[in-house]
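Encoded as structure tokens, the structure appears first; notes follow it.
Numbers here are sequence positions counted from 1. Remember, it's 1-based here, ligands and their atoms both numbered in the order they're listed.
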Amino acid sequence: MLILAIETSCDDTCAAVLDNDRVLGNVISSQTNLYKEWGGVVPDIAKRAHQKRIGPVINRALKKAKKKIEDIEIIVVTQGPGLAPALGVGVNFAKELAIKYDKKLVAVNHIEGHILSNWVKNMYGKPTRKVEYPVLSLTVSGGHTKIILVNEIGNYEVVGETLDDAGGEALDKAAKLLGLGYPGGPVMEILAKKGNSQYLDLPKPLADKKILDYSFSGLKTSFYYKIKNWPREKVNKHLADLAASFQNAVFETLLRKYKLAIEKYQPKTLLAAGGVMANQELRKRLQKLAREEKLPILMPVKKWLNTDNAAMIGVAGYFKAMRGEFVVNIEKLDRDPRLQI
Ligand code: KG4
Ligand code: ZN
């Protein structure tokens, strides 16, 4: 089944062409250079950029796949969660295409897309996965941080989530405080490699309680107050130590709650996904945890599969289409910025 997938939930304009779960063409047009001076995504700028780019990005994905829009059987689009103005561009474009070319439409949850980034195959059908359920997934990006029990594909139970900032958002905000631009995660990763992660003593949010939820805003506030009165030269001299300390506090928090959830839910497989999983240090820590728990762990095999992309949305759409979950009234489909999984 030939699929065209569209993803515009945040600051990447993405399209992909798939044959079932195999990616034939994938295009990501990143807007991050538009937000460097803002320290975060500006919804109206994102909307205009998506509007300008979505058509050309889809055409490039079709061209890469050596297909025409007429060849496509199903259109898949991210319905939410995400930034409302950004989501609207993708949803409207997908609806117009589906109506104009008389295609079936599938609406996908962005977080399900991140989870299923671990099922994305290349055009040769690699990698193949044999997955034992239940799977316990940890998805961490700029917009969400959730521990989700996957009983099977399409059957999800959120067992823990952030009560305030997302993990990636915390890294982005700390980077902004340090004057490092947006997005903060990748710069913090590079700096942290050369720093002392024990340099700054930071709190462990919701540490001793047996709850599985996260909270990152206290961490960010504590970081702010600790360095608030420092002269700029001192901050600059210790940039690597500060990045390493903050990153370590975020990752320790992520792992502590995930470990608690593993003990409680006894999954057969672990899974990590979302933009922050592009971080090598976090991947190493998760692999270590998996070894200790004697469980296999799935993580996206390519760096671009961690951050936003339409290939993962296409695969989520493929599974939904296999279950017959198509949009019944295409004209009535609306973006849903707070869509729950
Ligand atoms: O999944 P994603 O592309 O978009 C959302 O759905 O939010 O995730 C973006 C987030 C940003 O917060 C960014 O700073 C973070 O992922 N990120 C990283 C790295 N690459 C991206 N965080 C840590 N280390 C990285 N290498
Ligand atoms: Zn995302």
Side-chain angles (χ1 to χ4, degrees), residues 5-14 26 28-33 35-36 38-41 43 46 50 78-83 86-87 90 108-118 120 137-146 148 161-162 165-178 180-193 195 197 214 216 220 243-244 246-255 272-286 299-300 302-313 315-316 337-339 341:
I6 298 170
E7 149 67 42
T8 64
S9 68
C10 189
D11 60 345
D12 296 303
T13 316
C14 314
N26 185 59
I28 300 167
S29 173
S30 169
Q31 301 172 7
T32 48
N33 59 338
Y35 308 115
K36 287 231 148 51
W38 299 91
V41 181
H50 283 311
T78 305
Q79 184 181 16
L83 294 173
L87 286 166
V108 161
N109 182 304
H110 182 79
I111 298 168
E112 181 177 22
H114 273 301
I115 294 173
L116 296 183
S117 61
N118 282 293
V120 172
S137 90
L138 175 66
T139 54
V140 188
S141 75
H144 42 82
T145 299
K146 285 186 199 292
I148 296 172
E161 62 191 324
T162 183
D165 293 348
E169 188 180 3
L171 291 170
D172 292 341
K173 286 182 176 169
K176 191 180 173 189
L177 273 177
L178 296 174
L180 300 173
Y182 174 84
V187 201
M188 296 280 273
E189 174 171 25
I190 295 166
L191 279 169
K193 280 188 186 145
S197 65
Y214 290 106
F216 289 106
K220 172 199 66 192
F246 191 83
Q247 184 183 274
N248 180 57
V250 171
F251 291 176
E252 268 191 8
T253 308
L254 286 172
L255 264 82
V276 180
M277 296 304 159
N279 189 293
Q280 291 302 330
E281 171 64 25
L282 181 56
R283 293 173 82 91
K284 263 192 236 151
R285 290 191 196 191
L286 281 162
M299 283 193 262
K302 301 272 183 213
K303 202 160 184 173
W304 64 264
L305 271 172
N306 293 284
T307 44
D308 288 348
N309 65 85
M312 66 185 193
I313 301 301
V315 168
R338 294 181 197 287
L339 186 65
I341 187 163

Task: Nearest atoms (heavy-atom pairs only) where Leu191 meets Ala243 - done: CB-CB, 3.8 Å
Open item on the list: Students should be able to answer this: which protein heavy-atom is nearest to atom 3 (O) of ligand 1, and at what distance?
Closed with: Asp308 N, 3.0 Å
TODO: Evaluate side chain to side chain contact (heavy atoms under 4.5 Å, CB included) for Lys220 paired with Glu169, printing each intermediate quantity in order.
DONE: CA-CA 10 Å; Lys220 172 199 66 192; Glu169 188 180 3; over 6 Å; no
TODO: Return yes if some donor-acceptor pair links the side-chain N/O of Glu189 with the main-chain N/O of Gln280 below 3.5 Å, else return no.
DONE: yes
- [ ] Please work out whether the ring planes of His110 and His114 are parallel, tilted or perpendicular, with thresholds of 30° and 60°.
- [x] perpendicular
Open item on the list: Distance under 4.0 Å to a non-hydrogen atom of Gly168: what atoms of ligand 1 satisfy this?
Closed with: 12 (O)
Open item on the list: Under the criterion side chain to side chain contact (heavy atoms under 4.5 Å, CB included), I'd like the reasoning laid out for Leu138 against Met277: C-alpha separation, chi angles, the key distance, then a yes or no.
Closed with: CA-CA 9 Å; Leu138 175 66; Met277 296 304 159; 3.9 Å; yes
Task: Geometry at the Zn ion (ligand 2) - His110 NE2 versus His114 NE2 angle, rounded to 10 degrees - done: 90°
Open item on the list: Check for me whether Cys10 has a heavy atom closer than 4.0 Å to any atom of ligand 1.
Closed with: no
Task: Pro183 N/O to ligand 1 N/O under 3.5 Å - done: no
- [ ] Please check if the side chain of Arg338 supplies one atom and the backbone of Pro81 the other of a donor-acceptor pair under 3.5 Å.
- [x] no
Task: Residue, atom name and distance, where the atom is the protein heavy atom closest to atom 24 (N) of ligand 1 - done: Asn279 ND2, 3.1 Å
Open item on the list: Please give me the minimum heavy-atom distance between Leu116 and Val315, naming the atom from each residue.
Closed with: O-CG1, 4.0 Å
Task: Least distance between heavy atoms, Asn309 atom then Cys14 atom - done: CA-SG, 3.8 Å
Open item on the list: Distance under 4.0 Å to a non-hydrogen atom of Glu189: what atoms of ligand 1 satisfy this?
Closed with: 24 (N), 25 (C), 26 (N)
Open item on the list: Tell me the protein heavy atom at minimum distance from atom 22 (N) of ligand 1, and give that distance in Å.
Closed with: Gly185 CA, 3.3 Å
TODO: With heavy atoms under 4.0 Å as the rule, classify the contact between His110 and ligand 1 as side chain, backbone, both or neither.
DONE: side chain
Open item on the list: I'd like to know whether Asn279 forms a side chain to side chain contact (heavy atoms under 4.5 Å, CB included) with Gln247, so could you lay out the CA-CA distance, the side-chain angles of the two residues, the decisive distance to 0.1 Å, and finally the verdict.
Closed with: CA-CA 10 Å; Asn279 189 293; Gln247 184 183 274; 3.2 Å; yes
Task: Donor-acceptor contact present, side-chain Tyr214 to main-chain Leu254, <3.5 Å - done: yes
Open item on the list: Please name the atom of Asp308, limited to N, O or S, that comes nearest to the Zn ion (ligand 2).
Closed with: OD1
Task: Lys303 N/O to ligand 1 N/O under 3.5 Å - done: no
TODO: Could you tell me the residue and atom name of the protein heavy atom closest to atom 12 (O) of ligand 1, and the distance to it rounded to 0.1 Å?
DONE: Asp172 OD2, 2.8 Å
- [ ] Give the atoms of ligand 1, by number and element, whose distance to some non-hydrogen atom of Gly142 is under 4.0 Å.
- [x] 5 (C), 7 (O), 8 (O), 9 (C), 10 (C), 12 (O)
- [ ] Going by the side chain to side chain donor-acceptor pair (under 3.5 Å) test, name the single residue among Asn33, Asp172, Asp11 that passes it with Tyr182.
- [x] Asp11
Open item on the list: With a cutoff of 4.0 Å, is Gln247 in contact with ligand 1, counting heavy atoms of the residue only?
Closed with: no
- [ ] Just jot down the ligand 1 atoms closer than 4.0 angstrom to any heavy atom of Gly143, in number order.
- [x] 7 (O)
TODO: Assess His114 for proximity to ligand 1: is some non-hydrogen atom of it under 4.0 Å away?
DONE: yes
Open item on the list: Starting from atom 21 (C) of ligand 1, what is the nearest protein heavy atom, named by residue and atom, and what distance separates them?
Closed with: Gly275 O, 3.5 Å
Task: Within-cut-off N or O pair, Ser141 and ligand 1, under 3.5 Å - done: yes
